[in-house]
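One structure is given below, encoded as structure tokens.
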Amino acid sequence: MPCPSPANPVSCGMTHPDSAPDLYHPSDVEAKWQAAWEARGTNVVPEARLRSPDRPFYNLMMFPYPSAEGLHVGNIYAFTGADVHGRFQRLQGKDVFEPIGFDAFGIHSENFALKVGSHPMDLIPKNVANFTRQLRRIGGMFDWNHTVDTTTPDYYRWTQWLFLQLYKGGLAERKEAPVNWCPSCMTVLANEQVQGGQCERCDSAVEQRRIAQWFFRISSYAPRLLENLATLDWSETTRKAQENWIGRSEGAILRFPAAGDAGATDGGAAGDAATEGDAASDATNVEVFTTRPDTVFGATWMVLAPEHPLVDRFTTPGQRAEVEAYRAAAAKMDLVARKKTDKTKTGVFTGGHCLNPATGREIPVWISDYVLMEYGTGAIMAVPGHDERDFEFASTFALPIPRVVAGEGDDAATPLEEAYTGPGRLVNSGDFDGMEVDEAKRAVTEWLAERGLAQGTVNFRLHDWCISRQRYWGPPIPIVHCEACGHVPVPEDQLPVILPRVEDFKPDDSGVSPLARVAEWYATSCPACGGAARRETDVSDTFLDSAWYFLRYPSTDVADAAFDPGITKAWLPVDTYIGGNEHAVLHLLYSRFITMALHDLGHLDFEEPFTRFRAHGLIVKDGAKMSKSKGNVVVPDPIIEEYGADTFRLYLMFLGPFEEGGDYRDAGIAGPWGFLKRVWDTVVPVEALLEGAPDPAVERKLHQTIEQVTRQLPELGYNTSIAAMMEYLNAVRAGGRQARRAEVEPLVPLLAPFCPHLAEELWERLGHEGSIFDGAHWPAYDPALCIEDTVTVAVQVNGKVRATLELPRGASEADAVAAARAEENVARFLGDAPPRRIIFVQDRLLNLVAS
RNA sequence: GCGAAAGUGGCGGAACUGGUAGACGCGCGAGACUUAGGAUCUCGUGGCCCCGGCCGUGGGGGUUCGAGUCCCCCCUUUCGCACCA
């Protein structure tokens with residue numbers, strides 16, 4: 001092989017005289033095969049096959065955000081793990097589609113562009129080019145003919161189309177809402193992007209603002225999103241995260257009628273709760289959501305969120321000043337302070353009262369910021385005896401704390417030192433006294449429901465998805481605002497609404513998008529009436545770009561639709577999706593929602609996008625998370641330069657269980673490097689390989705190895721599969737023995753998912769035509785040949801190992817006992833007497849219990 | 001606080017349904033071979049030790065002939081969520 005890179009001392013020491021040994025030079029081998037794959041289209045699924053595949057396998061991995069820094073080790077780890085999976089499927093004869101793309105819109109890119117004083121439209125193509133180069137270099141089986149870049153009009157045209165489908169389906173709505181505002185990023189954040197009251201990107205304290213926003217009604221899909229989880233083959237942790245995020249809780253809406261001293265009534269209750277009972281029709285009811293309707297007898301006051309629309313109605317003139325002051329303070333407070341759980345409870349009495357629907361007694365109505373408008377009905381009944389927060393509130397304001405549930409050993413009069421939330425029987429609850437908590441929840445709800453004062457309900461924590469961003473770097477939302485017609489969707493044949501190149505795209509404190517400063521862009525005519533109109537100047541959330549990209553990949557050549565129905569039917573849903581658990585909730589949930597919505601709107605015939613999802617682990621360095629500030633970031637390029645992509649891939653997969661991650665140590669790469677060198681030295685030169693049948697012992701080991709790797713690879717058991725191959729090679733080379741062709745040839749395809757370049761090279765040298773990845777070359781194993789004919793049996797006396805025996809497989813208990821008793825050491829511990837008891841596990845263990 | 005996962009040699013990590021704890025690799029030690037190669041190849045490598053054993057999988061109990069694995073209590077770490085009514 002010619003040496004294209006004489007500058008690289010690793011790949012070749014200057015020149016190769018004819019007499020020089022044929023050493024393993026990874027950069028030569030890898031350059032050769034990357035070029036060959038490109039020239040032959042090895043990794044491309046051609047149009048015809050895309051339309052009618054034999055055994056389609058859609059191998060998806062999370063596409064990267066193309067940062068200026070380039071691929072990091074975490075990316076490579078994830079992609080390699082996914083690539084190993086895809087290559088294994090292909091070696092077994094599947095038609096594997098393995099695309100990659102770039103998630104390049106969003107605040108990340110925009111903030112970076114602002115920082116370096118460049119334009120994202122200039123930066124992104126450079127970054128994409130750099131990522132592409134790096135991705136090719138690591139040897140992924142990517143189909144470069146089917147790649148997406150979310151920032152190209154060809155792609156976001158269909159993102160906008162998607163918005164219009166949801167709009168038409170009644171799943172997109174514009175509403176003014178209190179939103180999270182990041183003063184540093186100067187943009188609205190979705191609730192999901194607020195972490196503990198801080199911006200998940202820049203950690204600034206988030207404030208509240210009211211802005212008109214576009215929302216997708218994902219909350220109306222909450223029950224299905226939750227129920228379907230049970231049917232998915234997903235990492236358990238991911239499913240659990242979604243389950244918690246959706247946050248189903250069963251309970252009841254209870255209605256508390258306003259008492260006589262409340263302000264004038266002018267209609268129904270707050271919220272959008274269902275039909276009202278007769279008793280409630282002409283009175284103001286405060287609706288609360290509770291999971292503990294059984295404790296209603298212990299509800300001795302109620303609390304409204306400061307923003308609750310009924311606050312005015314309950315506020316008496318004497319309390320007005322205090323209430324207004326409290327509301328003003330709460331409105332000004334940022335969410336960090338507002339949501340802090342460890343601060344002492346604050347609140348103000350409105351002066352008004354409600355009637356407890358169970359006891360009929362008047363109870364005071366308070367407002368407090370620990371009640372959130374965004375959850376339930378924005379109002380609660382306070383049961384200090386059996387709710388920790390209410391207990392704390394009662395303690396602060398010296399309110400009475402009656403007991404209505406008695407746990408074991410308690411009675412109706414046992415004082416409460418803290419809120420009791422455990423099981424028990426009702427007390428001080430009228431006719432319900434003595435009833436178990438669980439039964440009482442149902443019975444109390446039924447009892448109140450008869451009078452129109454309650455209704456069993458299921459509540460979800462999941463909020464609607466705010467997709468508006470008051471930023472520049474995203475797809476414009478395809479809506480036109482017309483004074484006469486209102487919001488008018490841009491007709492589909494006018495898509496894409498092109499994002500204009502704007503040099504001044506810096507957001508400002510006005511709370512509107514930078515596009516709102518570009519009159520020549522937003523000034524347009526109404527598609528409905530033709531009158532003067534204004535384009536929506538908000539762009540959409542990046543999560544929308546990534547919520548459907550897997551639908552686009554196979555259809556990137558399709559110009560007139562987001563995805564071709566035939567191709568989509570052939571390839572989707574995705575067979576295996578591999579990615580980071582940091583997207584366990586948002587990206588995966590949004591993708592599921594979009595797929596479900598498209599299904600309901602008649603565009604897809606399946607409703608779950610990812611049949612199988614596996615979350616990979618995290619790579620840490622020397623026991624700590626990699627970060628620039630710690631200075632322990634591993635830069636991949638020099639390592640690949642030095643050892644080659646195959647060694648790097650192998651090392652990453654060998655570090656630890658793929659789904660758990662591993663600890664990267666610079667020195668550790670020597671193991672996989674040495675292994676690949678030994679593989680090479682064992683096979684090359686092929687003329688030196690011995691012909692003939694494999695040595696029986698080696699052959700047994702071979703079949704055991706094939707069996708193990710074949711079993712473990714689909715389960716992503718990469719580290720142990722590699723260990724098995726290492727063991728096998730050790731067996732082949734034991735004592736310096738010369739390998740036979742039949743012993744090493746099957747090892748090449750086993751290694752191919754991890755080290756595709758080396759495998760191709762050795763495969764070719766072994767005399768095969770074409771790519772090892774064409775033609776299902778995964779080796780078969782013979783279960784009969786996996787079985788050992790002698791086994792090592794441990795001999796225990798009283799549970800302690802005293803000897804080991806080499807016995808023929810299947811040896812009887814009698815034979816084993818005889819052989820064991822002949823062992824000097826066994827006899828010493830056992831004595832002469834016959835054992836009191838014998839435990840015999842065939843081919844494994846013999847335990848003699850002495851009397 | 002709630003939820004999830006995990007604690008095994010100097011290190012990363014193995015161990016199927018309870019059945020020889022420490023595979024594989026790093027590191028380390030000894031030796032061999034070397035016109036020097038990132039060397040390579042052997043052998044060894046949990047701790048203690050009277051060389052027969054004893055102790056050992058975060059700690060403490062328990063079940064069992066036998067527990068890293070099962071049960072109970074506790075400790076620690078990581079990751080989610082967090083005033084969710």
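Keep in mind that this is a model prediction, so the values were computed, not measured. We name chains A, B, ... by the order of the sequence lines, and we start the count at 1 in each one.
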**OP:** For residues A/His386 and A/Val405, report the shortest heavy-atom separation together with the two atoms involved.
**Re:** NE2-N, 3.2 Å

Subject >> Any donor-acceptor pair under 3.5 Å from A/Asp22 side chain to A/Pro685 backbone >> reply: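 No; zero donor-acceptor contacts below 3.5 Å.
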
Subject >> Side-chain (A/Asp464) to main-chain (A/Ser219) donor-acceptor, under 3.5 angstrom >> reply: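 Between the backbone of A/Ser219 and the side chain of A/Asp464 there is a qualifying donor-acceptor contact (under 3.5 Å).
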
Original post:
Can A/Tyr375 and A/Ser249 be said to form a side-chain hydrogen bond (donor to acceptor under 3.5 Å, both in side chains), step by step?
Top reply: CA-CA 11 Å; A/Tyr375 186 79; A/Ser249 51; 3.0 Å; yes

I'd like the [atom1] distance from [M] over to [N], given in whole Å.
N      : M      : atom1 : result
B/rG47 : B/rC2  : P     : 41 Å
B/rU17 : B/rG25 : P     : 25 Å
B/rC75 : B/rG60 : P     : 15 Å
B/rU69 : B/rG9  : P     : 15 Å
B/rA67 : B/rG56 : P     : 11 Å
B/rA82 : B/rG1  : C1'   : 8 Å
B/rC51 : B/rU64 : P     : 37 Å
B/rG13 : B/rA6  : C1'   : 14 Å

**OP:** Check whether any side-chain nitrogen or oxygen of A/Arg248 sits under 4.0 Å from OP1 or OP2 of B/rC84, and answer yes or no.
**Re:**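 Negative; the distance criterion is not met.
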
Original post:
Just checking, A/Lys345 and A/Tyr370: is the charged tip under 6.0 Å from the six-membered ring centre and within 45° of the axis?
Top reply: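 Judged by the rule, A/Lys345 and A/Tyr370 form a cation-pi pair.
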
Original post:
Thinking salt bridges, do A/Glu788 and A/Arg700 make one under a 4.0 Å N-O criterion?
Top reply: yes

Subject >> Qualifying residue for side-chain hydrogen bond (donor to acceptor under 3.5 Å, both in side chains) with A/Arg239, from A/Glu236, A/Glu243, A/Gln242 >> reply: A/Glu236

**OP:** Pull out every stem in RNA chain B, meaning runs of 3 or more consecutive Watson-Crick or G-U wobble pairs with both distances under 3.5 Å.
**Re:**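 As far as RNA chain B goes, consecutive pairing (with distances under 3.5 Å) yields the stems B:1-7 with B:75-81, B:10-12 with B:24-26, B:27-32 with B:40-45, B:46-48 with B:53-55, B:58-62 with B:70-74.
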
**OP:** Ignoring the backbone of A/Thr804, work out which of B/rA23, B/rC84, B/rU20 is nearest its side chain.
**Re:** B/rU20

Original post:
Using 30° and 60° as the class limits, which term best fits the ring planes of A/His587 and A/His583: parallel, tilted or perpendicular?
Top reply: perpendicular

**OP:** Please tell me which of A/Ala241 and A/Gly674 maps to the more 5' nucleotide of RNA chain B, matching each residue to the nucleotide holding its nearest heavy atom.
**Re:**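 Nearer the 5' end of the strand: A/Gly674.
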
Original post:
Toward the 5' end of RNA chain B, which comes first, A/Arg802 or A/Pro657, by nearest nucleotide?
Top reply: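 Looking at RNA chain B, the more 5' nearest nucleotide goes with A/Pro657.
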
Subject >> Contacting residues from residues 294-303 of chain A, given that a heavy atom lies under 4.0 angstrom of RNA chain B >> reply: none

**OP:** Compute the ring centroids of A/Tyr24 and A/Trp673, then answer whether they are less than 6.0 Å apart.
**Re:**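 Here the rings of A/Trp673 and A/Tyr24 have centres that are less than 6.0 Å from each other.
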
